[in-house]
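Report on the structure given below.
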Amino acid sequence: MNEDALDELAGVLVSATRVAVLTGAGISAESGIPTFRGAQGLWKRFRAEELATPEAFDRDPRLVWEWYDWRRRLIAEAVPNEGHKTLAVWQKAFPSFSLITQNIDGLHGLAGSADPIELHGNIWKTRCPFEGTVRENREVPLSELPPRCPDCGRLLRPHVVWFGESLDSRILDEAFRRCSSCQVLFVVGTSAVVHPAAALPQAAAEAGAVIVEVNPEPTPLSRTADFCFREPSGRMLSRLDRRLEARRRSSARRTR
Ligand code: BJW
């Protein structure tokens, strides 16, 4: 399945020094976490505007927190898959490696990736909207719904980015910087429709990076990607890693 393309890509990677990866919900699908769009996606069962906007939270914070509490339970039972694990290994395999994720599930960190750039926040953190304090909270299920700030007693919110909210500008600038300076950008398991994250591959392409899409389904990015692998990311990334290792071993033998 696409063996020639896999080989060609391994050849590109063997001499690459700056590699970046943008991940989306699809990379966690093989860990049992539902994606947002598509036939089985969360947005088929739930309305985004009732759960993932600041207006929804102002209207009914309890409902929004119940939804996040349910998702925290699902995520707490999940473990990183081959895709997360391969990317954690790649952190040490390239002189410069950047992992940028739209996911809030924390599975990249659990797999061993150090400091992934989390564009949309993290479900295991709460934020006091009044004081701005961000705290880790791993309680499953939450004992208080909706939870309150231990300092000021007002309602806490999940530390995530909802529709209509701006992303943290320092985090977003860093993501654009990494994408604009990499040689190869992997775009893994994202429908590539949510902005501004969806603009990152464009920035990388304009700066001359090789764009690699890993997604069983086509996306708006597919037309411009240099490589498209239509398979689950856990399988594809571990296959590519084995191919890359084989290449590295054979070039090490040749230089001995
Ligand atoms: C597999 C697989 C396997 C399956 N292996 N793959 C410019 C143009 C148009 C609109 C806008 C724009 N700028 C801003 C907007 C508005 C909006 C937006 O982009 N809307 C679009 C939907 C049209 N953006 C915003 O509001 C952003 N804010 C912002 O820009 O502020 C300034 C501003 C505001 C308003 C107007 C203008 C400017 C904020 C976006 C925040 C997104 N938040 C969410 C929820 C986070 C918290 C939570 O999880 O509860 O983030 S929404 C949801 O979508 C979540 C995800 O991170 C994000 C992206 O989804 P993702 O990861 O791509 O998942 P899916 O499900 O879409 O795709 C999964 C893919 O995996 C599929 O393709 C499958 O095929 C694949 N797959 N199995 C590999 N095994």
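Here the structure is a predicted model, which means the values were calculated and not measured. First listed ligand is number 1; within each ligand, the first listed atom is number 1.
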Answer with side chain, backbone, both or neither: which part of [X] has a heavy atom less than 4.0 angstrom from an atom of ligand 1?
| X | result |
| --- | --- |
| Tyr68 | side chain |
| Ala29 | side chain |
| Arg71 | side chain |

For [X], the ligand 1 atoms whose distance to one of its heavy atoms is below 4.0 Å:
| X | value |
| --- | --- |
| Val160 | 47 (C) |
| Gln102 | 57 (O), 59 (C) |
| Phe163 | 17 (C), 26 (O), 52 (S) |
| Glu217 | 75 (O) |
| Glu30 | 3 (C), 5 (N), 80 (N) |

[X] side chain to [Y] main-chain N or O, any donor-acceptor pair under 3.5 Å?
| X | Y | value |
| --- | --- | --- |
| Ser28 | Ser31 | no |
| Asn81 | Ile27 | yes |
| Glu82 | Arg235 | no |

- Can you tell which of Ser31, Gly121, Pro216, Ser233 gets a heavy atom nearest to atom 6 (N) of ligand 1?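 Shortest heavy-atom distance from atom 6 (N) of ligand 1: Pro216.
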
- Going by distance alone, is a donor N or O of one side chain under 3.5 Å from an acceptor N or O of the other, for Asn137 and Arg72?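 A pair is found: one side chain offers a donor N or O, the other an acceptor, under 3.5 Å apart.
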
- Any side-chain donor paired with an acceptor under 3.5 Å for Thr35 and Gln40?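 Judged by distance alone, the side chains do not pair up.
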
- Item | Geometric class of the Phe227/Phe229 ring pair [parallel <30°, tilted 30-60°, perpendicular >60°] |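 Plane angle under 30°, so parallel.
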
Give a yes/no verdict on whether any heavy atom in [X] is under 4.0 Å from an atom of ligand 1.
| X | value |
| --- | --- |
| Gly164 | yes |
| Pro196 | yes |
| Met236 | no |
| Gly41 | no |

Check ion pair [X]-[Y] (N to O, under 4.0 angstrom):
| X | Y | result |
| --- | --- | --- |
| Arg170 | Glu174 | no |
| Asp173 | Arg177 | no |
| Glu55 | Arg59 | no |

